[in-house]
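Reading through the C-alpha cells given below for one structure.
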Amino acid sequence: MPQPRKIVITSALPYANGPIHLGHLVEYIQTDIWSRFQKMRGHECYYVCADDAHGTPIMLRAQAEGITPETLIARISKEHQQDFAGFNIGFDHYHSTHSVENQYFATTIYERLKAQNHISRKTIKQFFDPEKSMFLPDRFIKGTCPKCKATDQYGDNCEACGATYSPTDLIDPKSVISGATPIEKETEHLFFELAHFNDELKAWTHQGHLQTQIANKLDEWFESGLRAWDISRDAPYFGFEIPGEKDKFFYVWLDAPIGYMASFKALCDRKGLDFDDYWGKDADTELYHFIGKDIIYFHALFWPAMLSGANFRTPSAIYAHGFLTIDGQKMSKSRGTFIMAKTYLDHLNPEHLRYYFAAKLNSRIDDIDLNLEDFAQRVNSDLIGKVVNIASRCAGFVVKKFDGKLCEDWSPIALALYQSFLDKSESIAELYERREYVQAMRDIMALADKANEYIDDTAPWVLAKQPNQQAALHESVSLGINLFRVLITYLAPVLPDTALKSADFLQLTSLQWRDIEQPLVGHIIKKFKPLMTRIEAETLIKMMDASKGDIAAQAPKSTLGSTEATKANPASAPDPVATEIEFDDFAKIDLRIAKIVNAETVPEANKLLKLTLDIGLGQRQVFAGIKSAYDPSKLIGKHTVMVANLKPRKMRFGLSEGMVLAAGPGGKDLFLLNPDDGATPGMRVN
RNA sequence: GCCUCCUUAGCUCAGUUGGUUAGAGCACCCGACUCAUAAUCGGUAGGUCCUGUGUUCAAGUCACAGAGGAGGCACCA
C-alpha cells in the first residue's frame with residue numbers, strides 16, 4: 001500500500017440559474033466515483049463544489065421573479081444540493097461563489113495580479129440599454145440579421161444563416177430585457193493579460209496535467225495567440241465589486257473557478273485543515289479539477305495563469321469529459337430527453353445511472369450516450385442478474401442451513417478462487433485511478449461471471465439434498481457470499497448505497513478496499529433482502545413522459561445543454577411584449593385554418609420545408625423554416641394556421657405565398673400551431 | 001471557408017509498434033438447471049472493420065479522396 005495521499009477534487013460549479021439535469025450528472029458521478037475510490041483506498045481526500053451564483057442572467061431572473069438575487073441563489077442552491085444528494089454525490093463541502101471566502105480570494109488574486117502588472121485597461125464600445133441603464137451582453141440583444149434579414153436574431157450570430165457579426169451590425173437592434181433600442185456607449189474595462197503567461201502555459205500544458213487530446217487542442221489556441229481576457233463588467237451586475245474601481249464588478253467567470261478555493265477554505269475552517277497545505281505555492285498535495293470539455297479554455301489557460309500570477313499552486317491535473325447524448329442525440333425538450341435529475345429520481349434508482357455512466361466512462365473526452373434500451377438491459381443483466389444474484393442465491397442456504405454463519409475452513413480450491421479475486425484488486429484499482437471506469441466495470445463483471453460459474457459447478461441445491469455433503473455445501477455458499485463481498489467492495493465507489501445495504505446484510509462495519517484481504521470466516525450474516533430491483537421498460541416511458549411534462553410546465557426558464565457554457569444565454573427570460581398596436585392593425589392580418597396537403601424538403605435549403613396548404617379557396621405554396629423540428633411526412637394531413645394575406649415573397653426556391661405560425665426558440669424546439677378539432681380549411685381565425 | 005476527432009456484430013464497446021481463421025458483454029436462437037429478483041450455466045449463429053483508391057509480401061491498423069456524425073477556429077470565451 002502506498003503512502004496516504006492528500007487530495008482535493010472538484011467538479012465544475014453548476015450555474016444557479018436552472019435545475020440539474022442528466023448531462024450535469026455525468027461529471028458529478030464521474031468525480032464522485034473517483035473521490036469515493038480514493039477514500040476507500042485510505043487516502044485523505046476532499047471533494048468540494050459550489051453553486052456559481054453571479055452574473056447578468058441571475059440578476060435578471062431574480063428581477064423577473066420579483067425577488068433579490070440572494071433569495072434566488074439560496075433557493076437554487078438548495079434544489080441543486082437535493083438533486084446531488086439524491087444521486088449520492090458525496091461532497092465534503094458545498095459552497096457558493098457568493099460568499100465571503102470567495103470575495104476574499106477573488107480580491108486577493110486580482111490585487112496580486114494587478115501588483116504584477118498583469119491587469120490592463122481598455123476602453124471599448126458596447127451596447128447600452130437606456131431604459132434599464134445597463135450595458136448589454138451580446139446575447140441580450142436581438143435584431144434582424146444584416147446578412148440574410150432573418151428577424152429575431154441574437155447579437156453575436158444568426159441562427160438562420162450562420163453569419164457572425166457584432167451587435168452593432170444588427171438591423172433594428174432591441175434590448176431583450178426592455179425592448180428598447182440600445183445605444184452605443186463607451187466604457188472602460190479591465191483585462192487580464194493572458195499573453196504574459198504564454199511560455200509558462202505552453203510548458204505547463206505539456207507536463208502531464210492534461211489529457212493529450214486537450215493539450216493538442218490547446219496548441220491550436222497558442223498558435224492563434226493568447227488574447228487579453230475581459231474580466232470586468234459594469235454596474236448593475238450581480239457579483240463582487242472590483243476594489244479600487246467605481247461601479248465595476250468581476251466578470252462571473254473570474255470568480256467562478258476561485259469558488260473551488262472558497263469552498264475548500266470553508267471546509268478548512270470547519271475541519272481545522274491548513275489551507276496553505278493544499279493551495280500554497282509549494283503545496284505538495286494533489287489538486288484535480290473535473291470539468292466538461294466546453295470549459296477547457298477557462299480551466300487550462302486562464303485558471304493556471306491566474307493562480308500562478310497570484311502566487312498560488314496550479315492544479316495537478318484537469319480531467320475533461322464529453323457531453324451526454326440520449327439515444328444518440330442531443331438532449332431535446334420536444335422529445336422528452338431533456339431529463340432533469342429530479343425527474344429521474346422520481347422514477348428510477350440513482351445507482352442504476354451511476355453504474356451505467358461508469359460502464360461508459362473512460363479517461364478521454366468523447367461524448368457518451370445514454371441509450372435507454374441498453375441502459376435497462378445492461379443494468380438488469382450486470383447488477384441484478386450477475387452481481388446481486390450471487391448474494392441472493394447463496395444467502396438462503398447460509399441462513400436456513402447454517403444459522404447465518406459462514407464456514408471456518410476452506411479447501412485449497414476455495415482459497416485459490418478467492419485469491420484469484422484478490423489478485424485483481426490492484427489492477428482494478430489502477431483502472432479507477434486512471435478513470436478507465438469502462439474497463440474496471442468489465443473486469444468486475446468478468447469476476448461476477450466466475451462467481452456464478454463456481455456456484456453452478458458446485459451446485460449447492462444438489463448438495464443440500466445429500467446429508468453427507470453438508471460441509472461441501474457450507475463452503476460453496478460461504479465462498480459465494482465472500483465473492484459477493486469482494487465484488488461489492490470493488491463496486492462501492494460506483495454503488496455507494498447498494499454497498500451500504502450490502503454491508504448491513506453482511507454485518508460489516510467497514511468497506512475499505514483492503515478489508516477484503518481478510519475473508520469472512522465464521523462470520524454471521526443477516527437474512528437477504530433484495531438490494532436492487534430491475535428497470536422496467538414501462539418506468540422509462542413514464543419518466544420520458546414526465547420529462548415532457550416538466551418542459552411544458554417550465555418552458556420559459558429551463559437551461560440548455562452543458563454545464564456552464566450557456567451562462568450568458570438569456571433563454572430564461574421570455575421575450576418582452578412588443579409595442580402596442582391598434583385593433584385595426586390586428587384586423588389587417590387574415591389568419592386562416594390550413595390543411596397541410598403536402599410537405600417536402602427543399603434539397604438546397606438547410607432549414608426550409610416546402611408546404612402545400614389547402615385553405616378552402618385553393619392551395620398555397622409556403623416555405624417554412626421548420627425542417628429542424630418536423631419530419632415532412634408526418635405533417636401531411638395536419639391542420640394549422642397560416643397568414644393568408646401576407647405579401648408573397650420570392651425566394652431562391654420559389655414563391656412563398658404566406659406564412660405558417662409556430663412558436664419556440666428554434667432548432668428542435670419549434671411548435672406549429674394546431675387548431676382544436678372541428679376547424680376546417682379556410683375558416684378565418686379571429 | 002479552414003482545421004481536428006469519430007465511424008468495428010442488432011445494441012454498447014475492445015482491438016497493442018501493420019503480421020495466422022477480427023474479439024468481449026448484452027440481446028437473439030438452441031440446450032441444461034431450478035439455489036436465485038423468469039435470475040444462472042453451456043453452446044450455435046451473427047461482421048463489405050463507413051465507402052473508394054493507393055502504399056506494402058501483408059491494412060481494422062498507414063496515406064489520399066469522399067460520405068455521415070461530433071467538435072474547434074474565423075465572431076466570443
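Everything numeric here is computed off the predicted structure, so don't read it as measured data. In what follows, every chain begins at residue 1, and chains take the letters A, B, ... in the order their sequences are listed.
Rounded to the nearest Å, the gap between the C1' atom of B:U21 and that of B:G46 is 16 Å. For B:G15 and B:C6, the C1' atoms lie 16 Å apart once the distance is rounded to whole Å. Taking atom C1' in both B:U12 and B:A27, one finds a spacing of 11 Å when rounded to whole Å. B:G42 sits 10 Å from B:G25 when the P atoms are compared, rounded to a whole Å.
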Please encode protein proximity along nucleotides 33-40 of chain B as a string of B, S and -, counting only heavy-atom distances under 4.0 Å. SSBBB-SB
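Along RNA chain B, the nucleotide nearest A:Phe191 and the nucleotide nearest A:Ala448 are compared for position; the residue whose nucleotide lies closer to the 5' end is A:Ala448.
Both key distances under 3.5 Å define a Watson-Crick or G-U pair, and stretches of 3 or more such consecutive pairs in RNA chain B run B:1-7 with B:67-73, B:10-13 with B:23-26, B:29-32 with B:40-43, B:50-54 with B:62-66.
Side chains of A:Thr325 and A:Asp367: no donor on one and acceptor on the other come within 3.5 Å.
A:Lys526 forms no cation-pi arrangement with A:Phe505, by the criterion of a distance under 6.0 Å to the ring centre and an angle within 45° of the ring axis.
Aromatic ring centroids of A:Trp303 and A:Phe298 lie 6.0 Å or more apart.
To the nearest 0.5 Å, atom OG of residue A:Ser502 and atom CZ of residue A:Phe528 are 8.0 Å apart.
For the pair A:Gln439 and A:Arg434, the minimum side-chain heavy-atom distance is 4.5 Å or more.
A donor-acceptor pair under 3.5 Å is absent between the side-chain atoms of A:His189 and the main chain of A:Lys122, judged by distance alone.
Residues satisfying the side-chain contact (heavy atoms from CB on, under 4.5 Å) test with A:Asp382, not counting sequence neighbours, are A:Tyr355, A:Arg378, A:Lys386, A:Met445.
The aromatic rings of A:Trp229 and A:Phe302 lie parallel to each other, their planes meeting at an angle below 30°, with 60° marking the opposite boundary.
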